Amino acid sequence: MDLDSGKEVSESESTNVWLVELSKERISAYIRTGEPLDKAGAFAAQGKGAVLVERTEGDFFNAVGLPLFRLGKILERFGVSVFDEGFS
């Protein structure tokens with residue numbers, strides 16, 4: 001495994017997220033939890049905001065920050081497996 005090969009990979013992933021229709025009261029209640037204040041999309045699909053998500057299309061992990069499936073495929077192309085001993 002040669003991680004110092006100088007090779008670079010640039011890819012993108014998209015995930016669609018549908019939220020339930022929100023009343024002003026429900027939006028205010030969610031904001032009061034403080035959870036959406038430091039999130040790029042102003043909600044946390046992996047936290048309390050999960051009850052606001054009607055459905056997703058695509059890699060859920062991409063919606064919460066990192067497309068793990070795609071990352072795993074990229075690592076495999078470089079000869080790296082997350083199942084190898086010593087990978088953490």
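All figures in this text were calculated on a predicted structure; none of them were measured in a lab.
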Side chains of Phe78 and Val9 in contact at under 4.5 Å (non-hydrogen atoms):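 In contact.
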Validation row: Val51, Arg26 side chains within 4.5 angstrom (heavy atoms):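 In contact.
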Could you pull out the closest heavy-atom pair between [X] and [Y], with the gap in Å?
{"X": "Tyr30", "Y": "Phe43", "value": "OH-CA, 3.4 Å"}
{"X": "Thr56", "Y": "Val53", "value": "CG2-CG1, 3.8 Å"}
{"X": "Asp59", "Y": "Leu68", "value": "OD2-N, 3.5 Å"}
{"X": "Ile31", "Y": "Pro36", "value": "CA-CG, 3.9 Å"}
{"X": "Ala45", "Y": "Ala50", "value": "O-CB, 3.3 Å"}
{"X": "Gly79", "Y": "Asp84", "value": "O-OD2, 4.4 Å"}

Side-chain heavy atoms nearer than 4.5 Å, only ILVMFWY residues, links allowed to pass through others: does that put [X] and [Y] together?
{"X": "Leu71", "Y": "Phe60", "answer": "yes"}
{"X": "Trp18", "Y": "Leu22", "answer": "no"}
{"X": "Ile74", "Y": "Phe69", "answer": "no"}
{"X": "Val17", "Y": "Leu52", "answer": "yes"}

Note: Arg77-Glu11 ion pair, threshold 4.0 Å (strictly below):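 Salt bridge flag = yes for Glu11 with Arg77.
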Glu35/Lys48 ion pair, N-O < 4.0 Å: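 Salt bridge flag = no for Lys48 with Glu35.
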Crowding at NZ, Lys73 (>12 non-hydrogen neighbours, <6.0 Å):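 No, NZ of Lys73 has 12 or fewer neighbouring heavy atoms, counting only those of other groups under 6.0 Å.
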Point-to-point distance, once rounded to the nearest 0.5 Å, from CZ of Phe61 to CD of Glu13: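 It comes to 12.5 Å.
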